[in-house]
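Just so it is clear: chains get the letters A, B, ... in the order the sequence lines come, proteins before strands, and each one is counted from 1.
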Amino acid sequence: MVNLIWAFMAIIGIVYAMFNGTMENVNQALFEGADEAVTLSIGLVSVLVFWLGLMRVAEKAGLLKVLTSLFKPLVTRLFPEIPKDHPAMGYILSNFTANIFGLGNAATPMGIKAMEEMKKISGSDKASRSMITFLVINTSSLTIIPTTVIAIRMQYDSVAPTEIVGTTILATLFTTISAIMVDRLFYYRRVRKSKK
Amino acid sequence: MSIITTISTWIIPCIILFVLLVATWKKLPTYELFVEGGKEGIKMAVSLLPFLLGMMVSIAILRGSGAMDAMIQFISPFLAIVGVPSEIVPLSIIRPISGTAALGMTTELIKTYGPDSFIGRLASTMQGSTDTTLYILTVYFGAVGIRKMGDALKVGLIADFIGIIASIVIVSIVFSV
């Protein structure tokens, strides 16, 4: 699926450019895109090193375990495949917490760690049930206070820059719950298919 | 307003303070643990680079050629039937694909229509309530070497669509009163 999407985005773009005389723009965009990816990855180094370092300290201090036990009833229901005291739970919860507080750059390292731990459980290169659930919750976003958006609104002289916090929370809540339900639906469909 | 800004500036330093206090109290070698954990970050960032670069180049070609705009123009009338305002259609299509492009579009919409207009509020809500699905899948699956994504992309995109509709409905209801 990803292979197809990836190839087709490029193929469609290049073929379109052939007929619309935008080949020069394609050339420019191509290398700008590559540059942007390198800049982004290098920018990620600082964030990854910092948060993974701090998380190691937090993990050894037993803080991730405390976090897990606080939300145990909720996460065990969301991720029935993961053993109750598995370190994956701690990282999943740290990722959710970082997302909720809008710490986007802290959420990524913790999310990758969570994925690593979940891969240890499944031991294959195929996305497991818990991985899909985890990703879907992440893509539907958990942000409660969208700081970037508030900053942009202030910049353009909004009378009430934070008035969208309420609607964002409502939309986030609704989307995340729907995402979890859609995820469950697809999971049961997979189970039924494999039974046949 | 000031409460929210205060919270967001205080939160990270307070997390660091808390973690270090507990770890020191438990007599852990904090600095060594930090360095050891941090080393992993370098490996991760390097292994992520090809995934990000491949995806971003492909997206850049699609956008640069003008094919993306053509596709948006083609899809707009269909989304309009479901009740998506035409001004917001490009943003709703770009949001799952590219985070930087979506942020740029949100800024543009807020600038053009004003932050306190219906479109401005809707763009703000949409920007905040969903995330860049393609980026998250690329980074998370890429970093740990998952090759078969299963239903992840499908479910993610369905959730994005629900998010767009939910934002429109919620903003219409909340700000019409």
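- Within a 6.0 Å radius of CD in Gln73(B), other residues, nucleotides and ligands contribute 12 heavy atoms or fewer.
- Closest approach of Ala45(B) to Val45(A), counting heavy atoms only: CB-CG2, 3.5 Å.
- Only the side chain of Tyr135(B) comes within contact range of chain A, judged by heavy atoms closer than 4.5 Å.
- Residue contact with chain B, scored on non-hydrogen atoms closer than 4.5 Å, is absent for Ala114(A).
- Contact annotation for Arg129(A): neither backbone nor side-chain heavy atoms come within less than 4.5 Å of a heavy atom of chain B.
- Crowding of Lys43(B) atom NZ: a count of heavy atoms from other residues, nucleotides or ligands under 6.0 Å not exceeding 12.
- With a 4.5 angstrom heavy-atom cutoff, Met55(A) does not touch chain B via any of its atoms.
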Could you go step by step and tell me if Met9(A) and Leu134(B) meet the side-chain contact (heavy atoms from CB on, under 4.5 Å) rule?
-> CA-CA 13 Å; Met9(A) 284 198 295; Leu134(B) 205 58; 4.2 Å; yes
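- To the nearest 0.5 Å, atoms CG (Asp151(B)) and OG1 (Thr133(A)) are separated by 10.5 Å.
- Heavy-atom distances place both the backbone and the side chain of Ile42(B) under 4.5 Å from chain A.
- Rounded to the nearest 0.5 angstrom, Ser128(A) OG and Ile146(B) CD1 are separated by 7.0 Å.
- Interface remark: Glu116(A) contributes backbone and side-chain atoms alike to the contact with chain B (heavy atom separation under 4.5 Å).
- Between the side chains of Thr175(A) and Ser129(B), no donor-acceptor pair of N or O atoms lies under 3.5 Å.
- Interface residue Val136(A): only side-chain heavy atoms are found under 4.5 Å from chain B.
- Within the 4.5 angstrom heavy-atom criterion, no atom of Asp35(A) approaches chain B.
- With values rounded to the nearest 0.5 angstrom, Asn20(A) atom CG is found 11.0 Å from Asp69(B) atom CG.
- Contacts between Lys60(A) and chain B at a heavy-atom distance below 4.5 Å involve backbone atoms as well as side-chain atoms.
- Both the backbone and the side chain of Phe50(A) come within contact range of chain B, each with at least one heavy atom under 4.5 Å from a heavy atom of that chain.
- If you tally non-hydrogen atom pairs under 4.5 Å between each of Gly128(B), Pro96(B), Gly156(B) and chain A, the highest count goes to Gly128(B).
- Using a 4.5 Å cut-off between heavy atoms, Leu28(B) touches chain A through its side chain atoms alone.
- Proximity to chain A (any heavy atom under 4.5 Å) is restricted, for Lys26(B), to the side chain, taken from C-beta onward.
- Defined by atom type and a distance below 3.5 Å, a donor-acceptor pair is missing between the side-chain atoms of Thr139(A) and Asp131(B).
- In this structure, chain B has no heavy atom under 4.5 Å from any part of Ser46(A).
- Side-chain contact between Leu48(B) and Ile112(A) is present, with at least one heavy-atom pair separated by less than 4.5 Å.
- Separation of atoms NZ (Lys111(B)) and CD1 (Ile152(A)) is listed at 11.5 Å; rounding is to 0.5 Å.
- In this structure, the side chain of Ser65(B) does not engage the main chain of Ala17(A) through any donor-acceptor pair within 3.5 Å.
- Counting heavy atoms from C-beta outward, Tyr140(B) and Thr108(A) have side chains that approach closer than 4.5 Å.
- Among the candidates Trp51(A), Phe174(A), Tyr16(A), the residue making the largest number of heavy-atom pairs closer than 4.5 Å to chain B is Tyr16(A).
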Residues Met149(B), Leu135(A); criterion side-chain contact (heavy atoms from CB on, under 4.5 Å); working and verdict: CA-CA 10 Å; Met149(B) 292 194 183; Leu135(A) 276 174; over 6 Å; no
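- The shortest side-chain heavy-atom distance between Leu52(A) and Lys39(B) does not fall under the 4.5 Å cut-off.
- Interface remark: Thr100(B) contributes side-chain atoms only to the contact with chain A (heavy atom separation under 4.5 Å).
- Of the listed residues (Ser58(B), Ala60(B), Ala166(B), Ala159(B)), the one with the most heavy-atom contacts under 4.5 Å to chain A is Ser58(B).
- Residue contact with chain B, scored on non-hydrogen atoms closer than 4.5 Å, involves the side chain of Met131(A) exclusively.
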The test is side-chain contact (heavy atoms from CB on, under 4.5 Å); show your working for Phe8(A) and Leu62(B) and say whether it passes. CA-CA 9 Å; Phe8(A) 269 105; Leu62(B) 192 68; over 6 Å; no
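- Heavy-atom contacts from other residues, nucleotides or ligands closer than 6.0 Å to CZ of Phe161(B) number 12 or fewer.
- For a residue to count as touching a neighbouring chain, one of its non-hydrogen atoms must lie under 4.5 Å from one of that chain's; by this rule Leu63(A) touches chain B with the side chain only.
- Proximity of Glu59(A) to Leu33(B): side-chain heavy atoms (C-beta onward) are nowhere separated by under 4.5 Å.
- Of the possible donor and acceptor atoms, none in the side chain of Arg147(B) sits under 3.5 Å from a partner among the backbone N and O of Asp125(A).
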| task | Take Val144(B) and Met118(A), measure what side-chain contact (heavy atoms from CB on, under 4.5 Å) needs, and give me the verdict at the end. | result | CA-CA 10 Å; Val144(B) 297; Met118(A) 282 187 265; over 6 Å; no
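- Proximity to chain B is absent for every atom of Gln155(A), based on heavy atoms less than 4.5 angstrom apart.
- Chain B forms the most heavy-atom pairs under 4.5 Å with one residue out of Val49(A), Thr176(A), Thr22(A), and that residue is Val49(A).
- The shortest distance between side-chain heavy atoms of Met55(B) and Trp6(A) falls below 4.5 Å.
- In this structure, the separation between CG on Leu54(A) and CG on Leu20(B) is 6.0 Å, given to the nearest 0.5 Å.
- Residues Arg121(B) and Thr167(A) bring no donor and acceptor atom of their side chains to less than 3.5 Å of each other.
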